[in-house]
Structures are given as structure tokens and as C-alpha cells.
Amino acid sequence: MAPSPISSSTKAALRHLKDVRPHDGWAIEQSTSASGNKTVRLLRRTIPVSESNYLDLTLTADRCVAGIVNRSAAMGKARAEIIVEANGSPCRTTRRVMIEESSSSNTARGSTTGTGGEVSLLSDEDNQQLLIYAFFAISAAVGIRLIFEAMFMVYIFVLPALYFYCLQNCPTI
């Protein structure tokens, strides 16, 4: 079965992400939910940006990418979650917004209704930065250990040699 075509708002959101961060490997994964609804999921370097599947993706007024959770056809509004910030970085906290959908525009107007405490996983850049910090911490620990071992060698070998030297060369009283 061929996948259904991607909506224009999802294409616009994907185009925006590829313009902002062209080397991040943005893609869309389509699937069918258990209830038969077509859902989409945003991928970054073949890894899902969030664990949720959405009915559609759209751009908010402030150029953030939001995943539509449910629609209210009577009011022309939809409840959505911000997935990616305007600068292309994944959203760290769950922010829910109400957006007004219009068929003439690819950009949805939104208003923030609340924030959640859920934090997404670290991105590859954050992991790389953490690895660099860990490397520096381990290097510093090894360096300090080498310095203390050198001081211990001075204590064990040099001080007794200095003591015997002083015994042989000091005048007797």
C-alpha cells in the first residue's frame, strides 16, 4: 500500500527545518494508528524527535514546528505540542498550544496554553559536548594522580637520600 501524500503544512514545516538546519537530516515518518488514523512523526537523523505520533505538523506564528494532537472542526482550532524551536533545536519541555488552522495559509497562529515538565533526550550535539567535558575531567584526574605519584617518589627516595647525605657531611658536635 502506497503511503498517503504529505499535507502542505507538514511539507512547509519540513522545508523550514531543512532551511534552518540543513545538515540535521530531517524527515517525516508516516504510519497508521490502531484506530485507522494517518499519523506523522518527525525524524532527525532517522531518530524520532518525540515519542508521540501526530495528526499533522505545522509551523506556528513564531516559526516553531508543532505536532497537532487533536482537531476541533467546529471551532477551526487544533491542540498542538511544540516539537522543534524556531532555531531548529528540539524542544526540551512539552509546550502545548492552541492554533487556528486556515486552509489558505501554511502558517498557523498559536497561543501558548501551558508547559509541561517532561524533558526530551539530549541531542547529538549535547552528547558530544558532554563527552568532551568527561574527557577533560578524566584527563585532569590522571594528571593530578601523576603529580601526586611524582611527589610520593620524592618523599620515598629523595628525602632518605638527603638525610644520609646530611649525616655524612655534617660536623659532629
Would a single hydrophobic cluster contain both [Y] and [X], if residues Ile, Leu, Val, Met, Phe, Trp and Tyr are joined by side-chain heavy-atom contacts under 4.5 Å?
X	Y	answer
Leu43	Tyr54	no
Phe157	Phe152	yes
Val49	Ile28	yes
Val20	Leu57	no
Leu159	Ile156	yes

Exercise. Any side-chain hydrogen bond (donor to acceptor under 3.5 Å, both in side chains) pairs touching residues 148-164, not counting sequence neighbours?
Worked result: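 Residue pairs passing side-chain hydrogen bond (donor to acceptor under 3.5 Å, both in side chains), neighbours aside: Arg145-Glu149.
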Exercise. Of all heavy-atom pairs between Gly88 and Arg21, which one has the smallest distance, and what is that distance?
Worked result: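 What the structure gives for the nearest pair is O-NH1, 3.8 Å.
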For this session: Check Ile6 against Lys11 and note the closest heavy-atom contact, atom names and distance.
Result: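 It is O-CE, 3.4 Å.
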Contact between [X] and [Y] at the side-chain level, heavy atoms closer than 4.5 Å - yes or no?
X	Y	answer
Ile83	Cys91	no
Asn53	Val40	no
Ile68	Thr58	yes

Exercise. Any ion pair linking Glu125 and Arg44 (charged N to carboxylate O, less than 4.0 Å)?
Worked result: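 Salt bridge: yes.
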Exercise. Would Asp19 and Arg63 pass as an ion pair if we require N to O under 4.0 Å?
Worked result: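 Judged by the 4.0 Å cut-off on N to carboxylate O distance, Asp19 and Arg63 do not form a salt bridge.
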Exercise. Picking from Val84, Ile82, Asn87, what satisfies side-chain contact (heavy atoms from CB on, under 4.5 Å) with Cys64?
Worked result: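 The residue from Val84, Ile82, Asn87 that satisfies side-chain contact (heavy atoms from CB on, under 4.5 Å) with Cys64 turns out to be Ile82.
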